[in-house]
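All figures in this text were calculated on a predicted structure; none of them were measured in a lab. Just so you know, ligand 1 is whichever comes first in the structure, and atom 1 is the first atom listed for that ligand.
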Amino acid sequence: MNRIDPFLEHAASQSTFDAGSTAIGVSLPHESAALHVSGEATYTDDVAELTGTLHAALGLSRHAHARIVSMDLDAVRRAPGVIAVLSAADIPGENNCGPVLHDDPILAVDEVLYLGQPVFAVIAENHELARRAASLAKSDDVVRYEPLEAVLTPAEAKARKQFVLPPLHLKRGDPDARMAAAPHRISGSFEVGGQEQFYLEGQIAYAVPKEMDGMLVYSSTQHPSEMQQVVAHMLDWPAHNVVCECRRMGGGFGGKESQSALFACIAALAAQRLRRPVKLRADRDDDFMITGKRHDAIYEYEAGFDDQGRILGARVEIALRAGYSADLSGAVATRAVCHFDNAYYLSDVDIVALCCKTNTQSNTAFRGFGGPQGALVMEVMLDSIARQLNRDPLDVRVVNYYGVGERDTTPYGQRVEDNVIAPLTDELLDTSHYRARRAALAAFNATSPVLKRGLAFSPVKFGISFNVPFLNQAGALVHVYKDGSVLVNHGGTEMGQGLNTKVAQVVANELGLPLSRVRVSATDTSKIANTSATAASTGSDLNGKAAEAAARTIRERLAELAARQLGGNAADVQFADGEVSVNGGAMPFTQLVGAAYLARVQLWSDGFYTTPRVHWDAKTLTGHPFYYFAYGAAVSEVVIDTLTGEWKLVRADVLHDAGQSINPAIDIGQVEGGFIQGMGWLTTEELWWNRDGRLMTHAPSTYKIPAVSDTPDAFNVQLYQNRNAEPTVFRSKAVGEPPLLLPFSVFLAIRDALAAAVPGAPVAPALRAPATPEAILDALDALQATVASSSTGTSTAAPTTTTATATAPTTATTGSPAATNA
Ligand code: MTE
Ligand code: HPA
Ligand code: MOS
């Protein structure tokens with residue numbers, strides 16, 4: 001074509017994208033990449049503050065559990081710069097910001113349930129003065145408490161049967177009988193810690209009062225519709241009075257699925273009372289102290305298996321720390337139950353999940369949403385089984401895999417119809433040279449007294465969809481302006497994962513335009529109503545389809561006009577490279593749009609999508625909760641120092657199934673990020689509360705997330721060539737959360753190195769997670785003690801096999817004292 005489109009040229013010079021590239025499946029940069037790195041990206045705190053803006057800070061509880069005897073906030077009111085101090089009595093509507101059960105007070109009334117709970121809010125002229133005044137909450141003269149008995153650990157809560165929700169129980173077959181008849185058995189306990197989301201941008205909201213009882217809330221949230229709803233309930237207003245907007249988050253990771261609500265509510269409450277704009281930006285330490293994290297868990301398990309290590313019957317109890325309130329714990333526990341199987345067929349199984357009520361922060365969504373907690377214990381069990389049989393854990397994993405057309409029904413009754421785990425495994429073993437490296441490692445360990453290497457493989461199967469079926473819906477709005485430029489709005493939120501880029505690619509492709517002509521606007525509850533959280537990895541599946549539908553409606557209207565003008569059938573009209581062609585004729589998209597406007601053709605449309613096939617019976621814990629599964633696997637190699645407990649990930653090979661990827665660069669970024677984030681959970685990130693229930697690890701000084709130097713020198717991440725068996729958007733697969741489970745292989749490789757360090761040990765290493773240097777040394781001590789007390793001696797290099805006739809269950813894995821004393 002020899003026509004020059006000035007818009008296109010201009011857009012190309014402005015855009016980070018190559019003009020003309022509408023391609024799906026092409027590695028295009030994140031839509032805001034240039035803004036991220038230049039610092040120009042607007043986060044909530046960067047929204048220009050209006051004149052008269054005030055700043056809020058929260059006064060926090062000093063006790064894990066106490067009765068509020070009296071509150072005298074006069075001293076706080078008299079503090080410099082303070083405009084107002086608000087307590088629960090100032091809330092005109094419902095004092096709740098909880099998402100499911102209404103058991104989350106915005107500000108405490110009568111009783112505090114955890115140390116860090118907001119008791120009052122200070123509104124001051126600036127952020128610093130607000131914080132100074134709020135810190136008066138530490139004084140006994142301001143809030144007087146009568147301490148009550150606090151329950152601080154899941155083990156204690158379990159012993160007292162103190163739960164936020166009734167236990168979940170899923171049983172299939174007769175696991176007790178199968179275990180009793182099995183040739184081999186293991187039983188044990190295990191524990192895994194929680195994890196702070198540690199989004200780089202902390203929780204923040206900026207509320208601006210509008211005319212006629214209106215409120216605009218800028219919120220860093222994964223769930224604008226819920227922020228709108230809780231603010232409306234709190235103010236006793238109809239929802240249409242409140243607008244919530246979010247252009248982007250500097251990370252959410254689940255931590256802003258429900259728990260952005262407290263901040264949105266306080267900012268909006270203050271803005272409504274004072275009729276001035278109010279910003280609440282939590283300091284990092286306050287963010288740690290106030291908000292919930294990934295659920296930590298303690299486990300009790302048992303399994304019976306055959307000589308190959310194939311599980312014949314299994315039982316697990318997963319006791320999750322819910323914290324003081326329910327929040328999303330019910331759905332998290334359900335996902336844990338539905339991921340215990342991971343990639344393995346379990347014919348006879350009994351799974352219990354408990355949501356333990358403790359006087360600590362209310363735990364919430366975190367990438368994987370209970371899935372990692374469910375699957376990790378299975379991987380630990382399989383590792384122990386393999387060590388008991390003296391087999392390579394890889395081989396034990398593979399014999400337990402779901403089959404294709406047989407052994408393919410999950411414990412919750414959904415058939416696994418898209419299973420690619422076996423070919424994916426084969427490909428990864430090949431490219432990572434697993435077998436050859438296993439031999440090389442043995443040789444290294446035989447001659448290295450202090451440094452020991454470990455190698456492990458682990459697979460992932462992760463269910464995609466919200467496990468609450470009605471949440472699987474999304475809407476979008478596409479505007480084509482007269483000049484041919486396109487604006488897309490959808491219900492999803494951008495948190496760095498690249499959702500807006502993918503949605504823009506889908507719309508650009510549908511209209512045959514270069515990406516530079518499509519702009520995605522901020523998420524806004526006044527544009528798309530009643531949206532679900534951007535969560536469960538479903539963002540691009542849901543919003544991509546909704547936006548595709550909206551763009552398709554516009555395209556069909558345009559195609560009709562083009563056929564009228566150029567001749568031919570509407571169905572034959574092609575949209576590509578900014579041109580519309582049919583019947584041998586062509587015209588620029590812009591020209592057609594201009595003509596459509598004059599012909600009074602509607603140039604904007606909505607689109608709506610609901611995920612097919614999903615259903616769930618919450619009573620029996622059965623159904624078809626997931627539209628499809630995403631798969632992946634990883635091989636990790638570590639080296640540990642047996643004198644200090646230090647370790648390093650030397651190499652990781654990852655093969656992950658993102659279906660037919662819409663944007664491989666973004667998907668690989670998600671896989672790499674998820675892997676490293678999961679590795680942090682299982683190794684360095686340790687939450688520690690003191691005896692008073694005070695979280696002592698509440699800043700990067702005491703809570704260690706991975707640094708760039710923790711990525712392995714050899715980090716080979718590939719996408720598995722696959723196509724979603726279901727007709728998702730371009731047959732892609734969700735990729736946000738599943739990769740978080742890939743670094744199970746890192747944890748298992750540390751176990752492997754520990755086993756290599758004590759060759760004569762009669763049991764598998766008892767390593768708790770996170771595998772900090774302390775945990776590694778504890779496990780080493782425990783393992784060495786088993787050798788010392790074992791009559792088999794320590795001279796053989798090969799691990800001692802527990803004989804096949806063992807009748808008494810071998811305690812394969814013991815957690816830390818906290819878990820075993822449970
Ligand atoms: N990636 C970045 N960069 N930042 C995030 O906060 N959140 C994760 C994942 N990847 C997150 C991320 C979580 S918890 C989810 S559920 C998905 O992204 C949500 O986005 P998606 O559904 O659009 O993939
Ligand atoms: N993931 C995230 N959030 C959710 C889910 C889920 O599976 N179910 C309900 N809320
Ligand atoms: Mo992700 S934990 O579902 O926000």
Side-chain angles (χ1 to χ4, degrees), residues 30 32-33 36 99-100 195 197-201 220-223 226 246 248-260 292-295 326-339 363-374 462-472 474 490-503 523 532-545 611 614 616 618 625-627 630 658 661-663 666-678 681 728-729 732-741:
H30 189 286
S32 295
H36 290 156
V100 182
Q195 186 180 22
Q197 288 83 2
F198 219 116
Y199 21 63
L200 290 185
E201 177 210 31
S220 181
T221 183
Q222 295 172 239
H223 203 344
E226 190 161 277
C246 177
R248 62 169 65 77
M249 283 159 275
F253 304 112
K256 296 171 183 171
E257 182 171 343
S258 62
Q259 300 212 1
S260 45
K293 301 143 204 333
R294 181 188 297 289
H295 295 65
D327 188 82
L328 301 167
S329 294
V332 168
T334 304
R335 193 172 273 277
V337 167
C338 294
H339 283 76
N363 284 333
T364 189
F366 192 147
R367 205 171 193 168
F369 202 78
Q373 293 95 318
F462 195 88
I464 303 300
S465 290
F466 282 97
N467 59 17
V468 177
F470 73 82
L471 296 174
N472 294 290
H490 60 84
T493 55
E494 176 64 44
M495 59 194 98
Q497 85 278 37
L499 172 61
N500 283 357
T501 311
K502 290 184 182 178
V503 172
T523 315
S532 294
T534 307
S537 305
T538 60
S540 47
D541 280 13
L542 296 175
N543 298 286
K545 273 286 194 191
T611 310
V614 289
W616 181 246
F626 307 121
Y627 186 28
S661 172
I662 292 176
N663 186 326
I666 282 177
D667 287 354
I668 285 176
Q670 286 291 297
V671 177
E672 291 174 345
F675 185 98
I676 297 297
Q677 191 168 47
W681 170 45
T728 51
V729 59
S732 64
K733 287 193 180 184
V735 72
E737 296 170 289
L740 191 119
L741 290 76

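In summary, the atoms of ligand 3 found under 4.0 Å from a heavy atom of Phe366, numbered by their order in the structure, are 2 (S). For ligand 1 and Gly251, the ligand atoms under 4.0 Å from any heavy atom of the residue are 6 (O). For ligand 3, the atoms sitting less than 4.0 Å from at least one non-hydrogen atom of Ala365 are 2 (S), numbered in the order shown with element in parentheses. For ligand 1 and Ala535, the ligand atoms under 4.0 Å from any heavy atom of the residue are 16 (S). Short contacts between ligand 2 and Ala331, defined as distances under 4.0 Å to a heavy atom of the residue, involve ligand atoms 8 (N), 9 (C).
Ligand 1 has no nitrogen or oxygen under 3.5 angstrom from a nitrogen or oxygen of Gly254. Polar contact with ligand 1: present for Gly539 (N/O pair, distance under 3.5 Å). Residue Ser537 places no N or O, backbone or side chain, under 3.5 Å from any N or O of ligand 3. Where the criterion is an N or O separation shorter than 3.5 Å, residue side chain and backbone included, Gln497 meets it with respect to ligand 1.
Annotation: atom 1 (Mo) of ligand 3 to nearest protein heavy atom, Glu737 OE2, 3.4 Å. With respect to atom 4 (C) of ligand 2, the closest heavy atom belonging to the protein is Phe369 CZ, 3.3 Å. With hydrogens left out, the protein atom closest to atom 5 (C) of ligand 1 is Phe253 CE2, 3.2 Å, a heavy atom. Atom 4 (O) of ligand 3 has Gln222 NE2, 2.8 Å as its closest protein atom, hydrogens excluded (heavy atom only). From the protein, the heavy atom lying nearest to atom 8 (C) of ligand 1 is Arg367 NE, 3.9 Å. Nearest protein heavy-atom neighbour of atom 4 (N) of ligand 1: Met495 O, 2.9 Å. Looking from atom 6 (O) of ligand 1 to the surrounding protein, the closest heavy atom is Gly252 N, 2.7 Å. From the protein, the heavy atom lying nearest to atom 3 (O) of ligand 3 is Ala536 N, 2.6 Å. Looking only at heavy atoms of the protein, atom 3 (N) of ligand 2 is closest to Glu257 OE2, 2.7 Å. The protein non-hydrogen atom at the shortest distance from atom 3 (N) of ligand 1 is Gly496 C, 3.4 Å. Of the protein's heavy atoms, Gly736 CA, 4.1 Å lies nearest to atom 17 (C) of ligand 1. Of the protein's non-hydrogen atoms, Leu471 CD1, 3.6 Å is the one closest to atom 9 (C) of ligand 2.
Within the 4.0 Å heavy-atom criterion, the part of Ala536 lying near ligand 1 is the backbone and not the side chain. Contacts between Ala535 and ligand 3 below 4.0 angstrom, taking non-hydrogen atoms only, involve backbone and side chain alike. In Ala536, the parts holding a heavy atom less than 4.0 Å from any atom of ligand 2 are both the side chain and the backbone. Contact annotation: for Thr538 versus ligand 1, heavy atoms closer than 4.0 Å belong to the backbone alone. By the criterion of a heavy-atom distance under 4.0 Å, the backbone of Arg367, and not its side chain, is placed next to ligand 3. When heavy-atom distances to ligand 1 are checked against a 4.0 Å cut-off, Glu737 comes that close only through its side chain, counted from C-beta outward.
For the pair Thr538 (side chain) and Ala535 (backbone), a donor-acceptor distance under 3.5 Å is present.
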Problem set entry | Worked check of side chain to side chain donor-acceptor pair (under 3.5 Å) between Thr364 and Ser258 | CA-CA 8 Å; Thr364 189; Ser258 62; 3.3 Å; yes
Problem set entry | Arg294 and Trp681: CA distance, side-chain angles, deciding distance, side chain to side chain contact (heavy atoms under 4.5 Å, CB included) verdict | CA-CA 9 Å; Arg294 181 188 297 289; Trp681 170 45; 3.3 Å; yes
Exercise. Under the side chain to side chain contact (heavy atoms under 4.5 Å, CB included) criterion, do Phe366 and Gln373 qualify, and how do the steps go?
Worked result: CA-CA 11 Å; Phe366 192 147; Gln373 293 95 318; over 6 Å; no
Exercise. Run the side chain to side chain contact (heavy atoms under 4.5 Å, CB included) check on Gln259 and Asp327 step by step: do they pass?
Worked result: CA-CA 9 Å; Gln259 300 212 1; Asp327 188 82; 3.2 Å; yes
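Closest of all the heavy-atom pairs between Pro99 and Leu328 is CG-CD2, 3.9 Å. Residues Gly254 and Gln222 share a closest heavy-atom pair of N-OE1, 2.9 Å. When all heavy atoms are compared, the tightest approach of Gly250 to Glu201 is N-OE1, 2.9 Å. Here the shortest heavy-atom pairing between Leu740 and Pro372 reads CD2-CG, 3.6 Å.
Remark: Arg335 does not engage Glu737 in a salt bridge, criterion side-chain N to carboxylate O under 4.0 Å.
Remark: the Ser661 side chain and the Asp667 side chain contain an N/O donor-acceptor pair separated by less than 3.5 Å. In this model, no donor atom of one side chain and acceptor atom of the other lie less than 3.5 Å apart for Ser260 and His223.
Not a single heavy atom of Gly673 lies less than 4.0 angstrom from ligand 1. For the pair Leu328 and ligand 2, no heavy-atom separation below 4.0 Å is found.
Ring centers of His339 and Phe369: at least 6.0 Å apart, outside the cut-off.
For the residues Met249, Gln670, Lys502, Gln677, the heavy atom positioned nearest atom 10 (N) of ligand 1 is part of Gln670. Nearest-residue assignment for atom 8 (N) of ligand 2 (options Asn467, Thr364, Ile464; heavy-atom criterion): Asn467.
Residue Thr493 forms a side chain to side chain donor-acceptor pair (under 3.5 Å) with just one option from Asn543, Asn500, Thr534, Thr523, and that option is Thr534. Looking at Gln497, Glu494, Lys502 one by one, the single match for side chain to side chain donor-acceptor pair (under 3.5 Å) with His30 turns out to be Glu494.
For the pair Ile668/Glu672, a side-chain contact is recorded, criterion being any heavy-atom separation below 4.5 Å from C-beta on.
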